Amino acid sequence: MERREIRQLQGRLIRWFTQNQRPLPWRERYLPYEIWISEIMLQQTRVDTVVPYYLRWMQRFPGVRSVARAGQDDLLKHWEGMGYYSRVLNIHRAAGILMDRHGGELPRNYHDLLELPGIGPYTAAAIRSLAFNLDEPLVDGNVERVFSRLFNMEAPVKSRQSQAYIRSMASDILPSGRARCFNQALMELGATVCTPRKPGCLHCPVAPHCESLRLEIVHRRPVPGIRRKIVPVQVVVGIIEQDGKVFIQKRPSRGLMAGLWEFPGGKIENTETPEEALAREMKEELGLRVQCVRKIASIEHNYTSFRVSLHAYACTADPRDGAPALRCASDARWVDPGDLDNYAFPAANRRLIDIIRKNP
DNA sequence: AAGACGGGGTC
DNA sequence: GACCCAGTCTT
């Protein structure tokens, strides 16, 4: 791209963003703490989903110190339903590091940022460019899509070749001293105009520069990669009732649904009935022999790479077995069903709780 | 380099 | 039902 065209594109993008940006709560002050939290929340998560979580979060945790002092369950409760729960546990760990080593402030050095848990190349660049307005190119999924169309990239957008090209172009067209505005303009364009489907080319400020629009193949960019098949999984959980309370356990702080609470249970193997699987899992996980009382519900829940059928049973534990032994959980409670809202559950469990509440 | 990690919006 | 989102971490 020629110098003159680059300057023209920069001007059009910046002017468009100045006039058309959505008013968002983290665009009011550009404080490093607010940019950090918003960027973590926005990882693989849409703006519309994030806004209410962000507002609640800032109400409860207005700064690094309050995060560092907060309990894990308090933090998780504010994240419940947003997914990728290791993000919030990493925020907690990072807040501790910030208090210990950086005086409770976000550093502006790229490598210092990268050392904080949960901050990778994208988020480090986002904090540097958006909070500190340092000259730092920023490439997210939006920018990848915008560039793949603007420059009519024919290789799969996630390929090594494409990624290298995108990075170099992002660096080339970044106007010095305008990173905060320009980087957001590029992402905002991807989020609101240059969308995955039905892009608004008629209203696009950089349409005159767009090679794939000129060739009328915008709808075929970006070129996708190959994807994996979705695997169906059958899962059973047990609501153990005793003295009017139900048993819940807390998942380990690493791995799937880290730190969230759940009802005990597990995967149904091919040869098993749900009841057999439940009996086996309760014995394995808790050392309990259980009796199914009744079936509560079956819930379908879709994840990125698998589809879960969740079968839920009310059951009672054999009193001879005594208290449950925690073999797979990091904590456990007997709770009043009315208190379940005080704990953070995965979405599929949350839906189950809603059903239990309607049919006590 | 590839897979794990959530949930919801959209067509 | 498939795609995708203001990505990061682990192996």
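In what follows, chains are A, B, ... by sequence order, proteins preceding strands, each numbered from 1. Since the structure is predicted, the reported quantities are computational estimates derived from the model, not experimental observations.
Here the C1' atom of nucleotide dG7(C) and the CD1 atom of I91(A) are 13 Å apart, to the nearest Å. Atom pair R221(A):CZ and dC4(C):P shows a separation of 14 Å (rounding to whole Å applied). Atom CD1 of I127(A) and atom C1' of dT8(C) are 13 Å apart (whole Å). One interatomic measurement links the two molecules: CG of L114(A) to P of dG7(C), which rounds to 16 Å at whole-angstrom precision. L113(A) places its CG atom 12 Å from the P atom of dC9(C), with the value rounded to the nearest Å. In this entry the distance linking OH of Y54(A) with C1' of dA6(C) reads 14 Å, nearest Å. Between the CZ atom of R149(A) and the P atom of dC4(C) there is a distance of 10 Å, rounded to whole Å. Going from atom CG of L42(A) over to atom P of dA6(C) covers 8 Å, rounded to whole Å.
Of the charged side-chain nitrogens involved, at least one lies within less than 4.0 Å of a carboxylate oxygen, so that R280(A) and E284(A) count as a salt-bridged pair. Salt-bridge annotation for E300(A) and R351(A): absent, with no side-chain N of the basic residue lying under 4.0 Å from a carboxylate O of the acidic one. Under 4.0 Å is where a charged nitrogen must lie from a carboxylate oxygen, and between R357(A) and D341(A) at least one such pair does. Between D321(A) and R289(A), at least one side-chain nitrogen of the basic residue sits less than 4.0 Å from a carboxylate oxygen of the acidic one, meeting the salt-bridge criterion.
Of the two residues contacting DNA chain C, namely N90(A) and E39(A), the nearest-nucleotide position lying further toward the 5' end is that of E39(A).
Taking atom P on both nucleotides, dG6(B) is separated from dT11(C) by 15 Å, rounded to a whole Å. A gap of 22 Å separates the C1' atoms of dA6(C) and dC11(B), to the nearest Å. Using atom P as the reference point in both dG3(B) and dC3(C), the two lie 16 Å apart (nearest Å).
At a threshold of 4.0 angstrom between heavy atoms, the contacts of W26(A) include nucleobase atoms, whether or not backbone atoms are also involved. Heavy atoms of T123(A) sit under 4.0 angstrom from primed sugar atoms or phosphate atoms, though from no base atom. Residue contacts shown for I119(A) are limited to sugar-phosphate atoms, with no base heavy atom under 4.0 Å away. Among the protein residues, R145(A) comes within range of the sugar-phosphate backbone only, with heavy atoms under 4.0 Å from sugar or phosphate atoms but none that close to a base.
In this model, a donor atom of one side chain and an acceptor atom of the other lie less than 3.5 Å apart for E262(A) and Q249(A).
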Per-nucleotide protein contact string for nucleotides 6-11 of chain B (B base, S sugar-phosphate only, - none; heavy atom under 4.0 Å): BBBBB-

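Ring pair H78(A)/Y53(A): centre-to-centre distance not below 6.0 Å.
Of the residues F61(A), W57(A), Y84(A), the one that meets the ring pair (Phe, Tyr, Trp, His ring centres under 6.0 Å) test with W79(A) is W57(A).
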